[in-house]
Amino acid sequence: MTLSRRSLLAQAGVLPLSAHAFAASAATPGRLIVVFLRGAVDGLNVVVPYSDHDYAIARPTIAIAPPGAVGGALDLDGTFGLHPSLASLMPLWTERKLAFVHAMGSPDPSRSHFDAQDNMETGTPGAKTTGDGWMNRLIGVLPAPHKVTDAIAFGPTMPRILSGKQPAGTVPNGRGAGAQTPLDRPLINAAFDRLYTGDDALSHAYRDGLAAHKQVVAELQGEMMQADNGAPSSAGFPSDAGRMATLMRQDPSLKLGFFALGGWDTHVNQGGADGQLDQRLKPLGDGLVALARDLGPVFDETVIVVMSEFGRTVHENGNRGTDHGHGNVMWVLGGRVAGGRVYGAWPGLALEQLYEGRDLAVTTDFRTALSAVLMHHLGVTSTQLAEIFPGHTPTSGDLSSLIAA
Amino acid sequence: MATDPALARHLMDRLGYGPRSGDIAQIQKDGADRWLDRQLTPETLPLPAVLTARLNALTTTKLNAAEAFVTYGPPSVRQPGEPPLGGQNPEAAKAVVQNGRLLAAEAIDARISRALMSPRQLEERLVEFWFNHFNVFVNKGLDRLWIAAYENEAIRPHVFGKFRDLLTATAKHPAMLFYLDNWQNTAPDSPGARGNFKGLNENYARELMELHTLGVNGGYSQDDVVALARILTGWGYGGAGAGGGQQRQLGPIARRMLDQPDGLHRLARMARTFHFNPDRHDTGDKTLLGRIIKGRSGDSGIDEGEQALDMLARAPATAKHISFKLAQFFVADEPSPALVDAMAKTFHDTDGDIRAVMKTLVKHPSFRDPAAFGTRFKTPYHYVLSAARAADVPVRNVKPLFGTMAALGQPLYACQTPDGFKCTEAAWLNADSMTRRISFAIALGAGRLPLDLDPDFKGLRLRQLQQRPEPPTPVPAEAAIPISADKLIAAAGRRFSANTLAVVNEAAPTLKSGLLLGSPEFMRC
């Protein structure tokens with residue numbers, strides 16, 4: 001599937017990235033944290049196109065009011081406004097550490113959550129046979145040697161995006177992250193070591209797991225753990241984000257981090273300034289602020305990307321919610337981000353401007369946006385980029401300036 | 001002919017949750033064919049008294065969906081000023097709310113108890129499979145009330161039956177109608193379109209094709225999703241606030257009915273049972289998968305949905321999709337095309353007879369190939385249950401088992417997304433999962449999991465257990481009774497390598513069974 005004619009037009013005039021543009025930052029250590037919002041967050045209510053005449057019309061009960069009104073968006077640039085629940089992010093915006101890429105998405109037309117997540121995690125939209133994730137391939141191009149603690153995902157299972165032949169670790173959500181286990185006792189450890197000596201998948205997983213566990217326990221020791229009272233889905237994010245920050249501060253070789261947060265599939269009673277979406281955005285915003293703060297000096301060498309598999313319908317549905325759509329917004333923050341700006345070509349929300357007559361069109365391929373971060377921030381070369389996103393020719397447009405030189 | 005012990009172990013591993021003490025010997029004695037026949041006709045296998053007593057002691061799992069709603073549902077079903085269903089007494093009213101928390105906990109208890117103790121092992125495996133295939137999420141609103149009812153009404157009765165019946169039962173169950181929002185799916189300009197029922201909602205229609213029937217590559221388009229959503233407008237449930245037009249009537253009727261001896265049950269029949277509302281149905285013609293579905297008005301509008309379910313249940317893509325998923329669940333991450341084709345052919349020839357499809361599976365050479373025995377990485381659910389079965393300890397408190405499943409990423413009934421949990425090695429084998437499985441194995445093997453306590457559901461904060469699982473308080477070392485390694489080796493069959501047995505032999509008594517349960521051989525089945 002190709003991009004719609006309109007989005008191709010929107011990209012017209014965009015130049016291919018030039019390889020020498022990025023060599024400058026290659027020497028500086030860079031880190032990347034990806035926060036994936038599973039379930040398709042409604043990007044039109046996150047970075048609100050309040051100046052687009054068709055926005056409020058399409059959403060009679062769930063539109064965010066323009067800046068200045070009660071419950072209105074927080075003005076970003078006179079064109080777009082931020083959901084009021086994300087007020088905690090505004091200082092980062094003002095300091096130009098936070099940017100957005102709007103009308104970003106996948107060239108693949110799937111409106112299946114699972115296929116679309118797969119597309120964004122493998123980095124090869126439309127190709128169902130890709131076995132590994134793009135962040136795993138990214139580990140492969142970063143300087144060797146690679147340890148299991150160089151890339152960490154929070155959660156009980158390894159996400160697709162980090163799966164593959166390069167080592168990567170998982171850390172439990174919540175207070176379990178730094179807890180001791182029976183394997184910390186030497187006799188028990190020694191006995192189990194003898195069961196997992198082989199070159200098979202289980203033995204590798206066992207040895208990697210033990211190494212990662214020991215390192216995490218050591219690094220999180222003494223951290224003040226806060227209780228979180230069994231809160232709903234994204235509510236635990238601020239404390240997990242704090243743990244990630246601690247790990248990154250302690251371990252300079254930890255380069256890549258990943259979080260997945262659920263609960264964004266708001267088909268019913270999505271709400272406007274208040275409601276379901278609001279309740280999930282608040283802890284996300286707070287967690288990102290905590291992450292930025294707790295990273296301390298490391299924030300300057302870190303880029304945090306927030307993304308989601310697709311956007312939601314421009315028009316609200318019959319149940320004050322939104323259905324599966326297409327284009328969405330990507331959030332990019334970090335010390336080196338040239339922020340305070342909404343990047344990407346805006347395709348418009350008039351009926352004839354919509355993708356398949358219903359969704360925000362995609363004018364920036366998600367791989368193009370990620371490529372800008374990988375090349376300018378992590379020093380990935382264009383040859384290496386072809387391994388990470390095979391078959392994709394990055395075009396930069398205004399994104400060549402997303403990361404400050 | 002005596003059954004090969006390796007085959008007996010394979011059957012228990014794959015068609016059940018692993019052997020308990022004596023299971024392998026029993027299969028060898030009866031013969032594999034006879035054992036399989038019984039598993040495929042589970043009504044021939046009586047449940048042990050200990051399990052029946054356990055299930056009978058649960059107070060909420062026998063309620064149907066409507067009874068659960070009326071008894072434990074939100075107070076909005078009542079009129080203002082009306083006392084809650086516990087009566088005027090505030091203590092009784094509080095008890096109703098507290099008992100409401102029991103619903104999910106008791107559903108979990110029932111499912112785990114059956115998996116541990118029922119001789120109908122294949123039935124339990126199929127309940128796991130089909131619940132997961134037609135997944136609903138316990139923490140989405142009202143579904144907390146309906147999790148047991150959904151399993152008992154929509155899933156269990158059909159796991160050896162016709163796929164079409166299973167599909168219908170899920171399509172019409174309030175748990176599914178609520179989970180995927182179809183109860184609000186309404187034709188935009190219909191007479192019933194008002195309030196929260198103003199227009200189309202595609203959620204269920206999409207997953208019905210993508211996940212439940214055709215599969216994501218099953219040849220449907222976005223236009224088909226919209227057409228199917230229109231066809232299913234008006235499929236919802238009755239009762240107050242359910243858009244069934246009965247809101248104003250229910251208050252006084254409910255009060256009067258509740259004064260009568262059988263009132264609760266009569267009221268229940270009205271509340272949250274499947275109800276087709278013609279006022280919210282789209283009566284126009286639709287084109288679904290290239291076929292015209294004639295729009296109908298009045299009560300016969302429901303026939304469009306029935307016609308669509310017929311089409312989807314009988315589509316060749318559905319036979320293939322279901323066969324692949326079953327083969328992946330029972331046989332291999334990448335099942336052989338020959339197996340999937342054979343199953344799909346049976347599915348087609350028998351009009352979706354699940355028992356017949358399972359017969360094809362268990363007889364197929366790729367299921368019987370000894371080279372494939374013991375090669376699958378167990379899912380967390382399977383691993384935890386198989387360890388508890390092999391240990392053969394009395395389990396009165398399932399919380400540590402559920403908590404371990406949750407910590408490993410597979411909390412029973414709490415998969416948030418409609419695609420359900422995966423069953424492949426790639427999904428579950430990771431560095432952290434191994435150390436966590438081993439921690440559980442060590443505690444279980446040393447007798448330190450508090451499994452033999454009275455179940456304490458009142459303190460069970462389910463959501464917390466799922467999202468921030470923490471290990472249970474262990475049994476004090478001086479009170480713990482380690483599992484006998486010799487008995488465990490005999491129960492589990494000869495699966496352990498010489499290396500593992502040598503390490504076990506040299507280990508401290510409290511660690512021996514933990515090493516067996518945490519060994520690489522026990523991670524696989």
Side-chain angles (χ1 to χ4, degrees), chain A residues 38-39 109-115 148 155-158 163 167-176 179 181-183 187-188 191-192 194-196 198 200-203 205-206 208-213 228-233 236 262-263 265 267-269 317-321 323-324 356, chain B residues 139 180-181 184-186 188 193 196-203 206 210 216-217 222 225 377 406-410 416-417 419 425-436 438-439 442-443 461 463-465 467-471 499-500 503 506-508 511 514-515 518-520 523-524:
Chain A
R38 297 195 191 282
S110 177
R111 290 189 184 88
S112 151
H113 291 298
F114 321 109
D115 267 9
V148 66
T157 55
M158 184 60 73
S163 299
T170 56
V171 168
N173 297 111
R175 280 182 285 173
T181 77
L183 282 172
L187 280 178
I188 294 180
F192 274 95
R194 289 173 62 195
L195 298 186
Y196 291 98
D200 57 299
L202 261 56
S203 294
Y206 167 83
D208 286 350
L210 209 55
H213 169 75
D228 43 39
N229 294 325
S233 52
D265 197 14
H267 284 278
V268 172
N269 287 335
N317 67 15
N319 313 131
R320 300 170 198 237
D323 290 323
H324 301 184
E356 297 184 350
Chain B
N139 286 343
L180 290 178
D181 305 323
Q184 294 185 317
N185 181 21
T186 301
N196 275 340
F197 301 85
K198 277 216 187 80
L200 279 191
N201 190 307
E202 297 170 5
N203 200 9
R206 178 185 309 281
E210 174 180 332
V216 69
N217 298 318
Q222 175 61 32
V225 172
F377 187 64
L408 289 165
Q410 196 176 21
Q416 188 173 355
T417 53
D419 54 336
E425 177 166 331
W428 297 114
L429 176 58
N430 63 66
D432 196 49
S433 70
M434 290 299 292
T435 53
R436 286 197 217 196
I438 288 170
S439 295
I442 293 168
R461 295 273 182 256
R463 199 178 281 256
Q464 182 171 2
L465 207 51
Q467 295 189 345
R468 297 281 179 271
E470 285 174 42
N499 178 54
T500 297
V503 174
E506 292 164 27
L511 187 58
L515 283 161
S519 68
M523 298 291 164
R524 296 193 179 275

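Heavy-atom basis, side chains included; hydrogens, waters and symmetry copies ignored. As the structure is a computational prediction, the values presented were derived from the model and not from experiment. Lettering follows sequence order; numbering is per chain, from 1.
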Handout entry: Interatomic spacing from NE2 in A:His213 to CG in A:Leu183 - rounded to 0.5 Å
Key = 7.0 Å
Exercise for the section: Work out which heavy atom in B:Leu515 is nearest to a heavy atom in A:Ala191; give both atom names and the distance. Expected result: CD2-CB, 3.9 Å
Fill in the blank from the handout: Counting heavy-atom pairs under 4.5 angstrom with chain B, the leader among A:Gly318, A:Pro167, A:Gly155 is A:Gly318
Problem - Within-4.5 Å side-chain heavy-atom neighbours: B:Asn430 and B:Arg436 - result: no
Fill in the blank from the handout: Honestly, the part of A:Tyr206 sitting under 4.5 Å from a heavy atom of chain B is both
Fill in the blank from the handout: d(B:Leu429 CG, B:Arg524 CZ) to nearest 0.5 Å is 7.0 Å
Exercise for the section: Give the ring-plane orientation class for A:His113 versus A:His267, where under 30° counts as parallel, over 60° as perpendicular and anything between as tilted. Expected result: perpendicular
Completion exercise
Applying a strict 4.5 Å limit to non-hydrogen atoms, the region of B:Gln410 in contact with chain A is neither
Exercise for the section: Using non-hydrogen atoms and a 4.5 Å limit, figure out which bit of B:Ala427 sits close to chain A: side chain, backbone, both or neither. Expected result: backbone
Handout entry: Expected output: side-chain A:Asn319 to main-chain B:Gln184 donor-acceptor under 3.5 Å
Key = yes
Completion exercise
One option among B:Pro520, B:Ser439, B:Gly199 has the most heavy-atom pairs under 4.5 Å with chain A, and it is B:Pro520
Completion exercise
Among B:Asn201, B:Leu180, B:Asp181, the residue with the most heavy-atom pairs under 4.5 Å to chain A is B:Asn201
Completion exercise
Max heavy-atom pairs within cutoff under 4.5 Å with chain B, candidates A:Asp208, A:Asn317, A:Leu202, goes to A:Leu202
Fill in the blank from the handout: Cut-off 4.5 Å, heavy atoms of chain B, and the answer for A:Arg320 is side chain
Exercise for the section: Give the minimum heavy-atom separation between B:Ser519 and B:Thr500, together with the two atoms involved. Expected result: CB-CG2, 3.8 Å
Practice task
Under 4.5 Å, counting heavy-atom pairs only, tell me which of B:Asp419, B:Ile442, B:Val225, B:Thr417 racks up the most with chain A.
Solution key: B:Asp419
Practice task
Name the member of A:Asn269, A:Val148, A:Asp265 that forms the most heavy-atom pairs with chain B at distances under 4.5 Å.
Solution key: A:Asn269
Practice task
Select one option (side chain, backbone, both, neither) describing which atoms of A:Ala201 are under 4.5 Å from chain B's heavy atoms.
Solution key: both
Fill in the blank from the handout: Here the pair of heavy atoms bringing A:Ser163 nearest to A:Met158 is OG-CG, 3.6 Å
Exercise for the section: Go through the atoms of B:Thr186 and report whether side chain, backbone, both or neither lie under 4.5 Å from a heavy atom of chain A. Expected result: neither
Fill in the blank from the handout: Okay, B:Val503 and chain A: the region with an atom under 4.5 Å from a heavy atom over there is both
Practice task
Output yes when B:Glu210 and A:Arg111 qualify as a salt bridge under the 4.0 Å nitrogen-oxygen rule, no when they do not.
Solution key: no
Practice task
Please determine, among B:Ala431, B:Gly409, B:Pro188, the option with the most heavy-atom pairs under 4.5 Å with chain A.
Solution key: B:Ala431
Practice task
To the nearest 0.5 angstrom, please state how far the OG atom of A:Ser110 sits from the NE2 atom of A:His324.
Solution key: 10.0 Å
Practice task
Name the member of B:Ala508, B:Ser433, B:Gly518, B:Ala507 that forms the most heavy-atom pairs with chain A at distances under 4.5 Å.
Solution key: B:Gly518
